[in-house]
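Input: a single structure, listed below in structure tokens.
Predicted, not measured: the structure shown is a model, and the values here were computed from it. Both backbone and side-chain heavy atoms feed into the values below; hydrogens, waters and symmetry mates do not.
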Amino acid sequence: MSNQFHILVADDEDSLRSVIVTELQENNFHVREASDGAEAISLLKQHTFDLALLDMKMPNKTGLEVLQFIHDNEIKLKVYMLTSMDDLHIALEARKLGAEGYLLKPFNIDEVRERVVDALNH
């Protein structure tokens, strides 16, 4: 699969972020990564993305704060939240702010790839 889609992966867990980034790069996506919410916002100010995967719990800014920044600045991209908490309230709040959905940790990397491909093709 060859494409020109640009993806932001923001997660403070280095090993998990690395697995996601590697999988997406192996599928020919252009990927930038952030280890915290502030870095994610900085990248969003500098680059255009088609999709973002945002961890809910990150230092310096949470995933919801990054999503709020995306919403407030009317940045057009699809967003999936990554969370280890099965918290309906947070998921609903994320949906209100424009998230497509969320992936509950631990997840299968194939599930992440399939969700990304599906989101970008619709």
Side-chain angles (χ1 to χ4, degrees):
M1 172 189 339
S2 178
N3 59 61
Q4 296 300 312
F5 291 119
H6 296 263
I7 300 173
L8 170 62
V9 178
D11 196 308
D12 62 321
E13 191 177 328
D14 293 341
S15 58
L16 177 63
R17 188 178 68 250
S18 177
V19 167
I20 295 170
V21 168
T22 299
E23 177 67 22
L24 294 174
Q25 287 175 335
E26 286 176 356
N27 283 274
N28 297 312
F29 290 104
H30 300 277
V31 184
R32 292 194 184 265
E33 56 186 297
S35 60
D36 64 40
E39 186 179 359
I41 288 173
S42 178
L43 288 170
L44 286 161
K45 289 177 179 178
Q46 298 172 46
H47 305 283
T48 301
F49 296 97
D50 300 293
L51 184 138
L53 299 173
L54 305 175
D55 184 23
M56 286 288 217
K57 284 188 170 181
M58 293 184 286
N60 300 321
K61 294 281 182 190
T62 67
L64 273 181
E65 289 173 308
V66 176
L67 183 59
Q68 184 71 54
F69 172 84
I70 291 167
H71 176 79
D72 291 349
N73 289 277
E74 299 179 2
I75 299 171
K76 303 293 183 218
L77 77 159
K78 296 183 179 190
V79 177
Y80 278 91
M81 306 306 291
L82 307 175
T83 182
S84 57
M85 310 169 294
D86 194 6
D87 186 326
L88 184 57
H89 172 73
I90 292 174
L92 290 174
E93 187 64 30
R95 293 290 297 207
K96 282 186 210 170
L97 290 172
E100 299 281 319
Y102 70 99
L103 291 160
L104 189 61
K105 295 177 184 180
F107 42 71
N108 181 304
I109 193 62
D110 293 333
E111 177 187 7
V112 174
R113 184 188 64 251
E114 289 167 13
R115 190 78 61 96
V116 166
V117 169
D118 186 54
L120 292 172
N121 288 319
H122 290 98

request  = For Asn108, check side chain to side chain contact (heavy atoms under 4.5 Å, CB included) against everything at least two apart and list the hits.
outcome  = Asp110, Glu111
request  = For Gln25, check side chain to side chain contact (heavy atoms under 4.5 Å, CB included) against everything at least two apart and list the hits.
outcome  = Val21, Val31
ask   = Where is the tightest heavy-atom contact between Tyr80 and Tyr102, given as atom of each residue plus distance?
value = CD2-N, 3.9 Å
query = Taking C-beta and beyond as the side chain, do Leu64 and Met56 meet within less than 4.5 Å on heavy atoms?
reply = yes
remark   = Closest non-hydrogen contact found for Leu54 with Gly63 is CD1-O, 3.9 Å
remark   = Nearest heavy-atom approach of Phe49 to Leu44 is CD1-CD2, 3.8 Å
ask   = Which residues pass the salt bridge (charged side-chain N to carboxylate O under 4.0 Å, His left out) test with Glu100, sequence neighbours left out?
value = none
task = Measure the spacing between NE2 of His6 and NE2 of His47 and express it to the nearest 0.5 Å.
result = 10.5 Å
query = Can you check whether Thr62 reaches Lys57 side chain to side chain, under 4.5 Å on heavy atoms?
reply = no
message = Is there a side chain to side chain contact (heavy atoms under 4.5 Å, CB included) between Asp55 and Thr83? Walk through the geometry before answering.
response = CA-CA 6 Å; Asp55 184 23; Thr83 182; 5.6 Å; no
query = Is there side-chain contact between Val9 and Phe29, with at least one heavy-atom pair below 4.5 Å?
reply = no
task = Can you see which heavy atom on Leu67 is nearest to which on Ala99, and at what distance?
result = CD2-CB, 3.9 Å
inquiry  = The criterion is side chain to side chain donor-acceptor pair (under 3.5 Å); which residues satisfy it with Ser18, sequence neighbours excluded?
reply    = none
inquiry  = Under the salt bridge (charged side-chain N to carboxylate O under 4.0 Å, His left out) definition, can you give me all pairs with a residue in residues 19-45, not counting sequence neighbours?
reply    = Arg17-Glu33, Glu23-Arg113
Lys78 side-chain N/O to His122 backbone N/O, donor-acceptor pair under 3.5 Å = yes
request  = Ignoring hydrogens and angles, tell me if any N or O in the side chain of Asn121 forms a donor-acceptor pair with the backbone of Val117 under 3.5 Å.
outcome  = yes
Positive for side-chain contact (heavy atoms from CB on, under 4.5 Å) with Leu53, one of Val79, Asp11, Leu8, Leu82 = Leu82
remark   = On a heavy-atom basis, the closest approach of Met81 and Ala94 is CG-CB, 3.8 Å
key: Minimum heavy-atom distance between Leu77 and Leu51, given as atom pair plus value   = CD1-C, 3.8 Å
request  = Name all pairs fulfilling the salt bridge (charged side-chain N to carboxylate O under 4.0 Å, His left out) condition that reach into residues 59-76, sequence neighbours left out, sorted by first residue then second.
outcome  = none
Nearest-0.5 Å distance, CG of residue Asn60 to OG of residue Ser42 = 12.0 Å
message = Would you compute the distance between atom CZ of Arg95 and atom CG of Leu97 and round it to the nearest 0.5 angstrom?
response = 11.5 Å
request  = Find out whether Ile7 and Val116 are in side-chain contact, i.e. whether some heavy atom of one side chain is under 4.5 Å from a heavy atom of the other.
outcome  = yes
